[in-house]
Amino acid sequence: MPEQSPKQRIEKLTKQINELRYRYHVLDDPAVTDEIYDSLTQELVALEVKYPQLKLKNTPTQRVGGEPLDKFEKVAHQNRMLSLNDAFDKQQVRDWQERIQKILPDQKYDYFCELKFDGLAISLRYDKGELKIAATRGDGFTGENVTENIKTVQSVPLSIDIKTPVEIRGEVVMPKDEWKKLNARQEKEGKQLYANTRNAAAGSIRQLDPKITASRNLQYYAYDIITDLGLETHKEVHKKLEELGFRPIKQQKYCKTIDEVFEFYDEVGKLRDKLPFGIDGIVVSVNQAELLKRLGVVGKAPRGMVAFKFPPEQVTTIVEDVLFQVGRTGKITPVAALRPVFVGGTTVSRATLHNEDEIKRLDLKIGDTVVIQRAGDVIPDVVQVLPKLRNGKEKKIVMPRVCPVCKEKLERRAAGKEESVDLFCVNLDCPTKNLRAMEHFVSAFDIYTVGPKILERFKEEGLISDVVDLFSLKVEDIQSLERFGDKSAENIVNSIQGAKKIQLPKFIYALGIPNVGEETAFDLSQRFGSVEAVMDASKEELNSIPNIGGVVTESIFDWFNLKRNKDLVQKLIKVGIKIENVKIKATPLSGKSVVVTGTLDSMSREEAKAAVREAGGDWVSSVSKNTDYVVVGANPGSKYDKAQKLGVKILEEKEFIKLLGR
Ligand code: IVH
């Protein structure tokens, strides 16, 4: 028999093992025993060691995990990774449907329903048919490059049959039985246990050593193709995903009516506990791709999709005490200290009570038996008190008059703000407030090595008094503290120094300006391009940004008006923070105020409003001499006459569309 050349043998083995892997890990239908699979793999490994130059790009052997990394690189997403709006009952789903109906009054559409996997969202980028980059969601704009780890997930195809660039989205999950096995191993080795399958999946992907990830038996379920491949419905998207080699998902349904959607929801609800992986609801999408696109995005979520969640778990327990926590903005939050209970996959011993009004609404006393509820990742809520279980020894909850930390008198408003239901510590030097602000800063800067405990310690030891000091920390400073080894001191300093380069939106977010979350920080960056420009912005300029209302404007303006805050920004820059500024995209509508009157042919009012705002314009409802443009559609109202009288520039729909750059 003629000998196969090593090249030929490697090619054949690679192909054969990949096919077997597909049968085993994607179709759950093994074609051979594990022994045969292992034996073929060993032969391939031996050949690859001997002839490394012949190793193929899609070799199954790379799935065992390569060299450990020092840290995860950042990856900018080509397309923002959005999230979904939640609905918790049928009425909320109907409301969603009605909103869509209003926007698309004459359109026929149907729905596609699928499982909402409880795992970690991962974007996969393929080019020339090969998996190039796998990234976590991160803040939706930038994620972490976890390619080496994802390659160890057997159900992720390393190559697909499309040569042009393609982006796939899906969820990495840990099967329930794997999670149990993993926790048993962790316990035996005295290591940390994972509270639920989602934490376990996330923890397994965020391992710097891909070999650990490889040992965790994760699975990948794809749910979207972001690249436009000309597929007309979401149903077709799923068919395509299967053809490309992703795991088929049995529980999916094409629905003509909302009632059919509800049927699917009820079916899945019954099935939930029997499924091998965790889900927390279903995802309902408008099936037609074109309509889904037209429905656009509201905030962080596509309007044409909704997550129909299963009811959060509820349990009863006892409120043993009420504590008052000081937040980063000085807000005092009452927190119930609970007799520990297991709910939604974790043991909890705290529940938030939000504010004094909430305590009154619940009529809560210390010692009460309560129902608590936990939805997703958030801190649980107390939803109900069971007064019949009282024994008369319950104690009234008294709101504090002074800050529990700095003892300064509390106020009913944040500095300079309107009266509120919340209490605030307005002392600019309150140590806990400052600590919380630092925690927020460090987490926004992704300095993972410095958690709240370490920050507190550094502060207590006098190593730092603000976030600026972090960047001057030396290895020796930390080494000299008790319980800090050389290695960990080095890691800390390296990660702080490594975080000095930062994108503008993250930097702004990190400052912890009240009411400025990641979204607003992003909007500010897009409009102003640099932190200096944001600092110098007038109230009018701030307020003209879509999604930034009066309260947020005041908040930003007041924050930068304080000298200490301006100084903080300057000091951060001086200590070496390099902010990557944003190029402002000027459009003909940037900063212009636009009024629309009459009906437009090509878009609804809602769409026109979104388009104006997206182009940086200001959507206003009445005409004045300060209005820049009045767009006139069919059957215009009195605004048209007023515009003519005031001599405001009038645009026809065509001209308007042109200015929008469409
Ligand atoms: S669709 C538009 N489909 O849920 C962004 N998401 O709450 C949503 N998820 O970040 C993508 N299963 O991590 C979609 N079948 C599914 C999903 C799913 C789980 C996750 C995903 C997303 C989050 C949004």
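These values consider heavy atoms only, across backbone and side chains, with no hydrogens, waters or symmetry-generated copies. This chain uses plain numbering: 1 for the first residue, then up along the sequence. All ligand and atom numbering here is 1-based and tracks the order in the structure.
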Kindly write out the residues that satisfy side-chain contact (heavy atoms from CB on, under 4.5 Å) with Glu263, not counting sequence neighbours, or none if the list is empty.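 Glu263: side-chain contact (heavy atoms from CB on, under 4.5 Å) contacts with Lys253.
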
Of all the atoms in ligand 1, which lie at a distance below 4.0 Å from a heavy atom belonging to [X]?
X: Leu82; value: 2 (C), 5 (C), 10 (O)
X: Met305; value: 1 (S)
X: Pro302; value: 2 (C)
X: Glu114; value: 15 (N)

Should Leu120 be counted as touching ligand 1, given the test is an N or O pair under 3.5 Å? no

Looking at ligand 1, does any of its N/O atoms fall within less than 3.5 Å of an N/O of Val283? no

Got the closest protein heavy atom to [atom], with its distance?
atom: atom 12 (N) of ligand 1; result: Phe117 N, 2.9 Å
atom: atom 4 (O) of ligand 1; result: Lys116 NZ, 3.0 Å
atom: atom 24 (C) of ligand 1; result: Leu84 N, 3.5 Å

Cut-off 3.5 Å, side chains only: do Lys256 and Tyr254 have a donor facing an acceptor? yes

Quiz question: by atom type and distance under 3.5 Å, do the side chains of Gln91 and Asp95 form a donor-acceptor pair?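 A pair is found: one side chain offers a donor N or O, the other an acceptor, under 3.5 Å apart.
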
Out of Met81, Gln252, Glu171, whose heavy atom sits nearest atom 20 (C) of ligand 1? Glu171

Contact check, side chains of Val26 and Gln154, non-hydrogen atoms, under 4.5 Å: no

Mind checking whether Leu115 contacts ligand 1 via backbone (N, CA, C, O), side chain (CB onward), both or neither, at a 4.0 Å heavy-atom cut-off? backbone

Tyr223 contact mode with ligand 1 (heavy-atom cut-off under 4.0 Å): side chain

Using 30° and 60° as the class boundaries, would you call the ring planes of Phe117 and Phe277 parallel, tilted or perpendicular?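 Because their plane-to-plane angle lies in the 30° to 60° range, the rings of Phe117 and Phe277 count as tilted.
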
Please name the residue in the list Asp127, Asn79, Ile225 that meets the side-chain contact (heavy atoms from CB on, under 4.5 Å) test with Glu167. Asn79

Under 4.0 Å between a Lys/Arg side-chain N and an Asp/Glu carboxylate O for Lys250 and Glu267?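 Looking at Glu267 together with Lys250, the answer is no, because their closest N to O distance does not fall below 4.0 Å.
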
Can you tell which of His234, Glu114, His238 makes a side chain to side chain donor-acceptor pair (under 3.5 Å) with Gln252? His238

